[in-house]
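Worksheet: the structure to be examined is printed underneath.
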There are 2 protein chains.
Amino acid sequence: MFLSTTTNGIDAKGRLSVPADFRAIVRNGPFDGIYVWPSFDGDYLEGGGQSLMDRYLQMIESMDPYDDARVALERAIFGSARPLSFDANGRITLPKPFAEHAGLSDKATFVGLGARFEIWNPDVYAAHEVEARKFARENKRAMKLPPSRPVGA
Amino acid sequence: MFLSTTTNGIDAKGRLSVPADFRAIVRNGPFDGIYVWPSFDGDYLEGGGQSLMDRYLQMIESMDPYDDARVALERAIFGSARPLSFDANGRITLPKPFAEHAGLSDKATFVGLGARFEIWNPDVYAAHEVEARKFARENKRAMKLPPSRPVGA
DNA sequence: TGGGATAACATGGGATTTCATGGGAAACAA
DNA sequence: TTGTTTCCCATGAAATCCCATGTTATCCCA
């Protein structure tokens with residue numbers, strides 16, 4: 001599970017260290033790296049490991065071939081995603097268009113969201129985080145946890 | 001079930017012993033540690049074991065992908081939670097931002113709340129507890145138990 | 001039921017490893 | 001060539017591991 005928020009530096013070569021716990025999650029996969037694409041919903045990047053891509057693929061395959069939503073998803077995710085492999089020290093090199101889309105220059109913030117993660121400009125994310133926490137506080141009553149399962153189930 | 005209240009010391013390295021009974025609850029899980037995040041509702045930390053996180057993930061995944069509440073919760077919980085693993089003696093190391101959020105420096109109070117627990121500054125908690133008991137006393141008529149099930153069901 | 005032995009627990013400090021980051025050299029492309 | 005990408009190694013800071021110790025709780029047997 002991708003968790004927590006980490007800000008790392010981007011060096012002159014466009015290299016960016018992926019947090020070690022994120023790397024640990026995708027390790028053991030067939031591909032030693034992550035999949036990243038520009039979000040169609042804002043100025044940030046989205047990403048995940050092989051299993052996330054497999055799930056998206058499965059989801060899309062279950063939709064009608066010419067469903068508008070299917071075509072949109074295919075374009076937005078598969079059409080723009082890139083596999084970014086780790087170097088020996090666990091860094092990826094950000095393609096320029098990605099850095100531009102998210103306004104990344106010298107620092108980037110990884111945000112773990114369970115099954116996937118996002119990469120933001122730190123300043124932009126800070127503002128969003130304040131909003132998100134405020135919204136959560138005001139809507140906490142809407143949170144209903146599913147019942148816990150019996151031990152051993 | 002996380003129960004009772006325990007206060008332990010925080011050493012110079014930011015290490016904090018998790019009460020032994022709390023550790024016993026999460027033992028046998030796939031991850032030997034606890035998940036902790038700064039509450040979005042106050043100056044304390046919230047936490048639980050793997051099963052709690054699984055339930056939150058289930059809850060969030062059942063919401064619409066671009067629902068505002070979902071996005072806010074994802075960021076407020078997953079975006080700020082960290083897996084804190086036990087060292088050989090059952091201690092966790094508190095990340096600095098967590099200690100700052102909850103005003104923790106030399107001591108921390110673990111408060112068991114059933115499925116999850118909270119970590120407070122002892123002095124702040126003492127004051128808060130007085131308030132909480134007063135509130136409970138004044139609102140006792142609003143407390144409702146869910147209908148009980150037949151024994152064994 | 002008392003009291004000594006034993007185990008569990010919280011805490012402390014030093015040593016080691018991991019991690020993020022920087023830069024140079026070699027391979028590649030235009 | 002000139003600029004770009006990939007691989008390799010160096011380094012300081014931070015996190016982790018390992019061992020030691022006092023104290024408390026638990027057990028066991030007389």
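Chain letters run A, B, ... following the sequence lines, proteins first, then strands; residues in each count from 1.
- Remark: side-chain polar atoms of B:H101 are paired, donor with acceptor, to backbone N or O of B:G42 under 3.5 angstrom.
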Q: Produce a footprint string for nucleotides 13-20 of chain D: one letter per nucleotide, 5' end first; B if the base is under 4.0 Å from any protein heavy atom, S if only the sugar-phosphate is, - if neither.
A: ---BBBBB
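- Note on ring orientation: taking the six-membered ring where Trp is involved, the planes of A:H128 and A:W120 are tilted (angle from 30° to 60°).
- Atom CG of B:D106 is separated from atom P of C:dA10 by 17 Å (rounded to the nearest Å).
- In this structure, A:M1 and B:Q50 have side chains that are in contact, with non-hydrogen atoms separated by less than 4.5 Å.
- Within a 6.0 Å sphere centred on CG of A:D68, heavy atoms belonging to other residues, nucleotides or ligands number 12 at most.
- The aromatic rings of A:F22 and A:F117 are tilted relative to each other, their planes meeting at an angle between 30° and 60°.
- Rounded to whole Å, the distance from CG on B:D21 to P on D:dA25 is 13 Å.
- A:M53 is not listed as a side-chain neighbour of A:P83, based on a closest heavy-atom distance of 4.5 Å or more.
- Atom pair A:N8:CG and C:dT18:C1' shows a separation of 14 Å (rounding to whole Å applied).
- Atom-to-atom, CG of A:D11 to P of D:dT6 comes out at 13 Å; the value is rounded to the nearest Å.
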